[in-house]
Amino acid sequence: MMKTRILVVLGLSLLVIASCSSVSWVLPLETVEYVDVEQYMGKWYEIASYPTFFNANCTATTAEYTLQDDGSVKVVNECRTGSPTGPLNRIEGTARVVNETTNAELKVAFSFFAQGDYWIIALDDDYQWAVVGDPGRTTLFVLSRTPTMNDDTYEEILTLIRGRCYDPGNLELTTQVAAD
């Protein structure tokens, strides 16, 4: 009887673990209910991210969002290569809201060919931190209005992203410098 219970618990645990890894491509990614676009504008510091080709060897990474007259958002991403005092890399692009009910789903373009989904999947009530991903769960960014984040807040975010079928073990912390 005890062996049966242990096997059932073990089996259910494995099923929960496997459910995210095997169906994350099927399970729709939830975004926040609503984003006040104007309140979201401004400078954000990258606290952690999934490594990608475009953020390789980046430190002191920031994103600056500016609302344009036509409703689009100017995006300026900057990072320092190799160290916080390394060469500055900067890229400008444009984002547009694709879900006007929530304003939480955007499409970002840095060139005609380089476009991506920017989905806000978690957002602090006071817009002090945000978590951004994409429906395929290949990108993930933890952002903050300040270059550092409280450990308790970061741990809460890790729990939250697990629930969205992201693997927090894939996150890499971003080296930051003091605010400008």
Side-chain angles (χ1 to χ4, degrees), residues 24-25 28-124 126-149 157 160-161 164 166-167 170-180:
S24 64
W25 59 273
L29 181 61
E30 291 181 35
T31 63
V32 296
E33 288 183 22
Y34 182 76
V35 176
D36 179 334
V37 175
E38 289 185 23
Q39 192 172 357
Y40 196 83
M41 297 298 101
K43 189 170 198 167
W44 291 89
Y45 294 85
E46 181 182 284
I47 300 300
S49 67
Y50 273 12
T52 64
F53 72 92
F54 55 83
N55 68 1
N57 209 21
C58 274
T59 63
T61 304
T62 62
E64 179 100 27
Y65 305 118
T66 307
L67 190 59
Q68 304 298 291
D69 291 338
D70 66 359
S72 67
V73 176
K74 179 181 177 183
V75 178
V76 177
N77 288 348
E78 292 183 343
C79 78
R80 297 282 178 170
T81 305
S83 74
T85 58
L88 179 67
N89 287 322
R90 176 185 169 105
I91 188 167
E92 291 188 24
T94 304
R96 61 181 172 78
V97 172
V98 294
N99 180 337
E100 294 180 0
T101 302
T102 66
N103 294 331
E105 297 173 22
L106 296 92
K107 186 69 80 171
V108 178
F110 289 101
S111 72
F112 182 72
F113 298 105
Q115 296 186 23
D117 293 308
Y118 182 106
W119 285 23
I120 303 166
I121 63 172
L123 182 61
D124 176 57
D126 296 323
Y127 290 64
Q128 294 304 300
W129 59 261
V131 180
V132 176
D134 70 279
R137 293 175 176 83
T138 58
T139 59
L140 186 66
F141 302 92
V142 177
L143 307 174
S144 175
R145 293 294 188 176
T146 60
T148 60
M149 178 177 278
I157 289 170
L160 184 142
I161 64 174
R164 300 279 199 293
Y166 273 96
D167 182 357
N170 292 337
L171 279 172
E172 291 184 1
L173 293 173
T174 304
T175 300
Q176 282 292 350
V177 294
D180 314 338

Fill in: Interatomic distance, Asn99 atom CG to Lys107 atom NZ [nearest 0.5 angstrom]
12.5 Å

Item to complete: Decide yes or no for Leu106 and Asp117: does some side-chain heavy atom of the first lie under 4.5 Å from some side-chain heavy atom of the second?
Response: no

Discussion item. Val32 vs Ile121, test: side-chain contact (heavy atoms from CB on, under 4.5 Å). Steps then yes/no.
Written reply: CA-CA 5 Å; Val32 296; Ile121 63 172; 5.9 Å; no

Discussion item. Show the nearest heavy-atom pair for residues Pro84 and Thr59, with the distance to one decimal.
Written reply: N-OG1, 3.3 Å

Worksheet item: Can you tell me how far CG of Leu67 sits from OG of Ser72, rounded to the nearest 0.5 angstrom?
Response: 7.5 Å

Item to complete: Supply the atom-to-atom distance Thr66 OG1 to Lys74 NZ, rounded to the nearest 0.5 angstrom.
Response: 6.0 Å

Worksheet item: Would you say Asn55 and Thr61 make side-chain contact, with heavy atoms under 4.5 Å?
Response: no

Item to complete: Write down the atom of Ala109, the atom of Gln115, and the distance for their closest heavy-atom approach.
Response: CB-CG, 3.6 Å

Worksheet item: Ring centroid separation for Tyr166 and Tyr50, is it under 6.0 angstrom?
Response: yes

Item to complete: Walk me through it: do Arg80 and Leu88 pass the test side-chain contact (heavy atoms from CB on, under 4.5 Å)?
Response: CA-CA 5 Å; Arg80 297 282 178 170; Leu88 179 67; 3.7 Å; yes

Practice prompt. Answer yes or no: is there a side-chain heavy-atom contact under 4.5 Å between Trp119 and Val132?
Written response: no

Item to complete: Over all heavy atoms of both residues, which pair between Val177 and Ala60 is shortest? Give the atoms and the distance, please.
Response: CG2-CB, 4.3 Å

Worksheet item: Tell me, do Asp36 and Tyr40 make a side-chain contact under 4.5 Å, heavy atoms counted?
Response: no

Worksheet item: Got a second to check how far Asp134's CG is from Leu29's CG, nearest 0.5 Å?
Response: 7.5 Å

Worksheet item: Rounded to the nearest 0.5 Å, how far does CG of Asn77 lie from CG of Asn89?
Response: 11.0 Å

Item to complete: Would you mind reporting whether Glu46 and Leu143 have side-chain heavy atoms less than 4.5 Å apart?
Response: yes

Item to complete: Could you check if a side-chain atom of Trp129 sits within less than 4.5 angstrom of a side-chain atom of Met149, using non-hydrogen atoms only?
Response: yes

Worksheet item: Taking the side chain from Arg137 and the backbone from Arg164, do they hold a donor-acceptor pair closer than 3.5 Å?
Response: yes

Worksheet item: Does any donor atom in the side chain of Thr146 or Thr148 lie under 3.5 Å from an acceptor atom in the other side chain?
Response: no

Worksheet item: Is there a donor-acceptor pair closer than 3.5 Å between any side-chain N or O of Ser83 and the backbone N or O of Gly86?
Response: yes

Worksheet item: Between atom SG of Cys79 and atom CZ of Arg90, what is the distance when rounded to the nearest 0.5 Å?
Response: 12.0 Å

Item to complete: With side-chain contact (heavy atoms from CB on, under 4.5 Å) as the test, would you mind laying out the steps for Ile120 and Val131 before giving the verdict?
Response: CA-CA 6 Å; Ile120 303 166; Val131 180; over 6 Å; no

Worksheet item: Counting heavy atoms not belonging to Gln39, are there more than 12 under 6.0 Å from its CD?
Response: yes

Fill in: Ile161 side chain reached by Asp167 side chain, heavy atoms, under 4.5 Å
no

Item to complete: Determine, step by step, whether Val142 and Leu171 satisfy the side-chain contact (heavy atoms from CB on, under 4.5 Å) criterion, reporting the C-alpha distance in whole Å, the side-chain angles of both residues, the deciding distance to 0.1 Å, and the verdict.
Response: CA-CA 9 Å; Val142 177; Leu171 279 172; 4.3 Å; yes

Fill in: Minimal non-hydrogen separation, Val108 against Ala95, with atom names
CG2-CB, 3.8 Å

Item to complete: Using a 4.5 Å cut-off on heavy atoms from C-beta on, say whether the side chain of Arg145 contacts that of Trp44.
Response: yes

